[in-house]
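Below is one structure, written out as structure tokens; comments come after it.
The chains referred to below are lettered A, B, ... by the order of the sequence lines, with proteins before strands, and numbering in each begins at 1.
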Amino acid sequence: MEPDLFMLYRQMLRSRLFEEAVMELWNEGRISGEMHLAIGEEAICPGVCTQLRDGDALALDHRGTPPLVMRGVSLVLLLKEFLGSPDGLCRGWGGHMHLFAPERLTASSGIVGAAGPTAVGFALAHQHLRAGAVAVAFFGDGAANQGMLMEAMNLASAWKLPAIFVCKDNQWAITTRSASVTGGDLVARAASFGMPAVEVDGMDAVAVWKTAATAIARARTGEGPSFIKGCCLRSEGHFLGDPLVRVARHPISEITEIAPPLIKAVGKFSGTTLAARAESLMKITELIGTTVKEQYLVKDDPLKRLRDTLGAQKKECEQIEEQCRREILQAVEDALPGR
Amino acid sequence: MEPDLFMLYRQMLRSRLFEEAVMELWNEGRISGEMHLAIGEEAICPGVCTQLRDGDALALDHRGTPPLVMRGVSLVLLLKEFLGSPDGLCRGWGGHMHLFAPERLTASSGIVGAAGPTAVGFALAHQHLRAGAVAVAFFGDGAANQGMLMEAMNLASAWKLPAIFVCKDNQWAITTRSASVTGGDLVARAASFGMPAVEVDGMDAVAVWKTAATAIARARTGEGPSFIKGCCLRSEGHFLGDPLVRVARHPISEITEIAPPLIKAVGKFSGTTLAARAESLMKITELIGTTVKEQYLVKDDPLKRLRDTLGAQKKECEQIEEQCRREILQAVEDALPGR
Amino acid sequence: MREMSFAGAIEDALAQAMAKDSRIVVMGEDVHMLRVNLFARFGKDRVRSTPISEAAFLGAAVAAAMAGLKPVAEIMMVDFIAVAVDALLNHAAKLERFSGGNWKAPVVVRTACGGGYGDGGQHEQCLWGWLAHIPGLAVVVPSTPADAGALMLSALEHDGPVVYLEHKLLADYWLDYLGAGGRKSVSFDVPAAGAKGPVPDQWESVPWGKAVIRKDGSDLTIASLGVSVHRASEAAEDLAKEGIAAEVIDLRSVAPLDIEAISDSVAKTARLMVVDEDYKEFGLSGEIAAQLLERGLSFRYGRVCTEDTVPYARHLEDEALPSRGRIVQAARTLMSQRKP
Amino acid sequence: MREMSFAGAIEDALAQAMAKDSRIVVMGEDVHMLRVNLFARFGKDRVRSTPISEAAFLGAAVAAAMAGLKPVAEIMMVDFIAVAVDALLNHAAKLERFSGGNWKAPVVVRTACGGGYGDGGQHEQCLWGWLAHIPGLAVVVPSTPADAGALMLSALEHDGPVVYLEHKLLADYWLDYLGAGGRKSVSFDVPAAGAKGPVPDQWESVPWGKAVIRKDGSDLTIASLGVSVHRASEAAEDLAKEGIAAEVIDLRSVAPLDIEAISDSVAKTARLMVVDEDYKEFGLSGEIAAQLLERGLSFRYGRVCTEDTVPYARHLEDEALPSRGRIVQAARTLMSQRKP
Ligand SMILES: Cc1ncc(C[n+]2csc(CCOP(=O)(O)OP(=O)(O)O)c2C)c(N)n1
Ligand SMILES: Cc1ncc(C[n+]2csc(CCOP(=O)(O)OP(=O)(O)O)c2C)c(N)n1
Ligand SMILES: [Mg+2]
Ligand SMILES: [Mg+2]
């Protein structure tokens with residue numbers, strides 16, 4: 001099977017443009033709380049979400065916007081929710097970390113790892129009420145160390161539930177490099193629960209689509225759960241205003257704020273050895289360096305990749321681009337008339 | 001390296017005789033609560049515990065008696081604790097499920113899976129305060145599905161802690177066959193956290209000793225955690241008075257109690273299909289059958305096995321047997337004078 | 001009218017509901033044996049034994065409820081809910097608010113609680129006040145077979161998450177499991193009226209959040225629930241001999257709390273004692289005090305609760321749990337104080 | 001005397017303690033950045049970043065304390081403690097009892113709490129009353145830089161488990177993290193006296209479980225803690241203009257609770273209002289009512305608390321949290337009632 005590339009491109013672009021609009025509103029101070037964008041991981045969501053049908057369910061984490069956009073939830077309702085409006089998707093009670101769309105069986109959670117049990121519960125309900133439907137959990141590499149998520153994978157495997165566990169591995173959990181706190185390999189870990197587990201190029205929407213197609217087919221036919229992991233980028237940092245990204249983007253002003261207390265602390269009489277202090281500073285520098293690299297040197301972008309694949313079909317692409325741009329502009333105008 | 005077989009035999013026997021004494025006291029109504037014995041798993045504990053030194057730590061579950069016996073904790077204090085005496089190991093506040101011996105850095109918990117984080121914490125303290133010391137977690141096959149235990153294995157691996165995770169796999173979690181609720185294989189699961197994980201014959205104290213020696217050496221030299229799983233028996237059921245064991249041992253009287261409501265329930269007008277009802281009954285019968293088999297047909301016993309190995313050295317064995325018998329009798333007499 | 005044990009009543013009511021509504025699914029550790037009759041009748045898909053993964057299966061039960069099932073998730077003992085309480089605190093209890101009222105999680109969490117049989121501090125907690133602190137969570141605690149069955153139906157009918165607590169001292173199979181089975185040498189102080197009693201031929205739910213008066217009296221109000229209701233009733237008999245007429249209220253439900261019923265009684269007696277097997281501080285007994293004060297009532301107040309970790313030794317345990325003796329003692333003290 | 005921010009004071013006091021006592025180890029998610037200055041000075045072994053495995057590392061911290069370390073385990077936000085609370089409920093808090101007094105777990109659990117910046121219901125809870133319900137657990141909540149530093153030392157000196165709650169609205173780095181950083185377009189209602197203030201040159205612990213009076217008054221007692229102390233003080237200024245003299249008590253510690261201080265004040269004013277950002281029911285506000293009644297006091301009572309899940313929208317949030325306006329309103333009502 002081959003995906004419809006235009007459809008994939010359209011969904012990725014809608015998501016990207018929508019989140020860019022959200023970023024603007026956030027900068028204007030109209031959106032409160034920790035705003036997590038999914039820019040950089042757009043290849044993973046549409047690879048899975050565009051294959052879902054009515055009755056299928058989604059369990060999302062704190063980066064839940066794109067799947068909702070791709071599942072056709074009203075952009076205006078989403079925006080109004082982000083703005084805290086009583087007319088928002090959740091009447092302003094949930095906000096961007098707690099998005100709920102019951103008619104799409106889609107639930108979000110700001111508790112890292114909760115997507116696991118939630119997807120398992122949806123899948124269990126499917127087994128009883130909606131044969132052939134699937135439930136997808138989206139979560140990060142950091143979440144993979146959360147006990148309830150591991151328990152959920154075991155439960156799905158033991159009960160042969162139609163669940164698909166999708167790990168969007170951006171290699172970060174806030175400011176922690178996941179590799180530094182994760183023993184072993186996440187694909188092997190998932191496989192050890194007795195389910196097919198594969199690594200896919202998380203920047204390649206087509207590859208994700210194909211891998212997901214296998215997992216979804218398996219789930220629909222009652223053969224049980226699967227695990228998919230794809231590496232992706234975190235272009236906007238952990239959340240908007242991420243201090244590491246700020247340092248990377250505005251090194252001079254930010255470092256003048258961070259450095260003095262740090263230098264003072266390092267220079268204190270008592271503490272650990274000089275070598276260990278140097279190691280600490282190296283580690284911090286390394287994290288900033290990695291962020292700088294991701295900001296300026298890694299030029300990879302899942303959207304650009306797919307656009308390059310579509311290279312020749314310039315007219316169709318431009319038409320999609322124009323339509324998406326108009327759609328998002330209109331949504332913002334509807335949510336915030338006259339802004 | 002080879003273990004001292006007599007020492008192993010002595011520890012196994014002490015543990016067995018002590019628990020048999022506990023069983024008697026329980027039957028007399030002197031011990032309250034859920035009394036879990038470890039009869040049938042004696043090859044595993046001494047294989048590990050006899051290699052521990054001062055400063056090493058133990059995290060135990062609800063079957064915590066044998067490791068304490070083997071670590072040299074006073075049998076009288078233990079018995080008095082079981083009897084709820086103010087002179088007991090924990091002044092009657094803990095009881096057999098909550099045994100604490102601070103001078104041995106040994107802590108128990110009745111919360112399944114808690115041995116994982118506890119061992120990790122002990123191991124962390126070792127890293128700072130007692131270089132070369134190790135921390136051992138003893139837990140069951142059922143506990144292996146508890147999130148905090150899986151998290152603990154990951155943490156120990158990420159931090160290269162001197163911890164040894166020992167899974168006593170009796171194939172049961174109360175009345176549940178662990179295989180029916182466990183996806184994949186536990187050894188692969190542990191290995192996936194990035195630590196050496198091995199299966200050993202849990203009925204063979206010498207094999208356990210050798211495997212443990214490797215793991216302990218690894219931990220002592222700062223190379224990180226290991227996982228060991230051994231299959232063993234659960235001769236006295238989950239706890240004393242285990243309903244399945246009662247049915248197995250007194251089929252007529254017990255079945256006349258269980259059967260009538262069951263037959264009534266199966267015969268009810270509404271419910272699931274006949275085939276599914278039959279499957280349910282089969283499942284129950286199977287569990288009872290497995291218990292019967294373990295009670296009467298599986299003649300394996302870790303103690304007998306080691307005794308057979310020691311076959312020729314009859315005199316030394318008899319001397320040990322006599323000494324252990326006297327020790328236990330004396331302990332009971334001291335704990336409960338004149339009984 | 002039939003006669004049934006406490007546990008039998010729960011099973012019977014649940015079976016009646018399961019026969020009517022195929023969306024009811026029981027899940028939890030060992031339920032194929034703990035609920036063997038339901039397992040035999042409704043099969044393994046509707047009575048599902050789980051791994052020891054409370055966080056996963058409780059979280060899954062919440063989501064399954066969101067997706068159309070009516071799960072009865074069993075946490076073997078309420079003490080163990082500590083590894084899974086995120087599913088209630090941050091998910092089930094908040095869903096209706098988070099979704100702007102668009103989505104609910106009608107999950108019933110069935111769990112055994114309470115002490116009096118020597119299992120010690122990690123297995124004998126009540127925690128109902130702790131759970132009731134969470135807005136959006138309902139918490140019910142039956143004390144008789146009739147209420148046990150009826151409240152199970154009420155819980156199943158409720159459109160949000162409910163924790164249903166079943167006291168082990170009332171449920172014969174638990175006591176059998178936990179040490180009385182297989183030996184004739186122990187016995188426990190089981191309240192007769194709670195362990196066995198009349199139940200209706202057909203189960204019907206009881207009104208949500210309504211207390212009942214178990215004994216009338218005008219001198220002193222005793223508000224209680226679970227096994228403590230029986231301890232309070234026995235204490236009331238002792239007190240009657242001393243000429244003190246205590247009114248015994250069985251709350252049945254911690255959240256919602258029937259403050260009306262307590263308030264009506266205290267308006268009459270001007271003396272309130274709360275008998276609560278849950279921990280004393282920052283829980284139910286304090287909440288009742290606050291709500292009565294908010295209504296402007298003046299009254300003398302006392303409480304008999306579990307004040308600390310429950311000890312293992314039976315004699316220490318008897319001192320730690322609310323007992324007939326402790327209640328009588330506290331009532332005398334309260335009666336010795338002038339009405340405000 | 002120096003001037004410090006709330007967060008700066010905690011860091012400074014903790015650094016002072018860490019320099020003296022090498023057994024103090026900080027562990028939690030992202031602590032290499034959240035505590036970057038400590039990380040730089042004390043190195044990666046003593047400031048340890050963890051995986052997102054709260055149950056494992058909190059449980060490990062408890063055991064590490066048992067084995068001789070002095071861990072400061074950080075749960076990033078108290079809401080997340082739900083996945084790890086077993087380590088406190090069934091382990092740390094029970095250890096001293098279980099071991100017959102032979103063993104203790106001196107672990108400090110540091111965690112951010114509270115709302116007022118629009119993160120919504122899973123990130124803005126307080127839960128101090130919920131935690132204080134557990135016997136054996138101490139719970140402290142500073143409201144000023146001086147107390148923030150001093151209470152950190154007190155917590156480190158305590159021989160049992162302590163939860164140390166740090167309100168995000170007082171801690172500048174949290175607000176920067178949580179949405180004010182990187183844009184100039186938002187601001188929050190940060191109480192000036194809480195966010196910055198004088199601190200001693202050398203840190204010393206404060207007495208365990210002692211409240212302080214922030215403002216004297218004879219008409220009405222307001223008992224509060226954390227950010228609400230500042231809301232209450234502001235409200236007291238408004239009330240003063242109406243001729244109402246409110247006494248404002250800063251509890252600082254939920255458990256142990258300084259009932260003496262409240263009782264002394266209420267004996268004078270006969271009117272008590274509890275201002276508590278934690279959930280209203282089955283928590284701190286009720287416990288204070290109960291303990292005063294147990295002491296035989298008669299008084300009028302009111303409370304301003306968080307009544308339900310905290311909403312996301314800033315305007316709804318402002319209505320949900322205890323605010324100056326709500327406190328003034330409630331005080332007027334309380335003053336309109338005759339003294340009992
Ligand atoms: C149980 C819990 N612990 C900690 C947090 C704080 N937190 C929010 S997002 C996050 C990192 C998650 O990393 P990952 O799962 O990889 O997702 P990513 O943000 O990288 O997409 C953390 C630690 C939380 N929300 N819930
Ligand atoms: C968190 C938690 N869940 C459930 C229980 C009830 N329980 C006690 S022992 C047990 C089975 C444990 O099985 P396993 O780990 O294999 O140990 P075994 O008893 O077989 O030695 C269960 C479910 C508990 N004590 N704690
Ligand atoms: Mg990540
Ligand atoms: Mg087992």
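Residues satisfying the ring-ring contact (aromatic ring centres under 6.0 Å, His included) criterion with C/Phe80, sequence neighbours excluded, are C/His123.
In this structure, the portion of A/Leu89 lying under 4.5 Å from any heavy atom of chain C is its backbone and not its side chain. Only the backbone of A/Ala101 comes within less than 4.5 Å of a heavy atom of chain C; no side-chain atom from C-beta onward does. At a 4.5 Å heavy-atom cutoff, the contact between A/Leu124 and chain C is made by backbone and side-chain atoms alike. For C/Leu58, no part lies under 4.5 angstrom from a heavy atom of chain A. Within the 4.5 angstrom heavy-atom criterion, only side-chain atoms of C/Val25, from C-beta onward, approach chain A.
Using a 4.5 Å cut-off on side-chain heavy atoms (C-beta onward), A/Leu155 and C/Pro51 make contact.
Here C/Met66 contributes atom CE and A/Phe122 contributes atom CZ; the two are 4.5 Å apart, rounded to the nearest 0.5 Å. Between atom CZ of residue C/Phe57 and atom CE of residue A/Met148 there is a gap of 14.5 Å, rounded to the nearest 0.5 Å.
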Using only the distance criterion (under 3.5 Å, no hydrogens considered), which donor-acceptor pairs connect chain C with chain A?
from	atom 1	to	atom 2	distance (Å)
C/Asp45	O	A/His128	NE2	3.2
C/Arg48	NH1	A/Gln127	OE1	3.4
C/Arg48	NH1	A/His128	NE2	3.3
C/Arg48	NH2	A/Gln127	OE1	3.3
C/Ser49	O	A/Trp159	NE1	3.4
C/Ala55	N	A/Glu151	OE1	3.4
C/Ala56	N	A/Glu151	OE1	2.9
C/Ala67	O	A/Arg130	NH1	3.4
C/Ala67	O	A/Arg130	NH2	2.8
C/His91	NE2	A/Ser109	OG	2.6
C/Phe98	O	A/Gly94	N	3.4
C/Gly100	O	A/Arg91	NH1	2.4
C/Asn102	ND2	A/Leu89	O	3.3

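Considering only heavy-atom pairs separated by less than 4.5 Å from chain C, the leading option among A/Leu149, A/Leu99, A/Leu105, A/Leu161 is A/Leu105.
Other residues, nucleotides and ligands contribute only 12 or fewer heavy atoms inside 6.0 Å of the CD atom of C/Glu204.
Closest approach of A/Ala125 and C/Ala67 over heavy atoms only: CB-CB, 3.5 Å. Across all their heavy atoms, C/Ala63 and A/Pro117 have their closest contact at CB-O, 4.4 Å.
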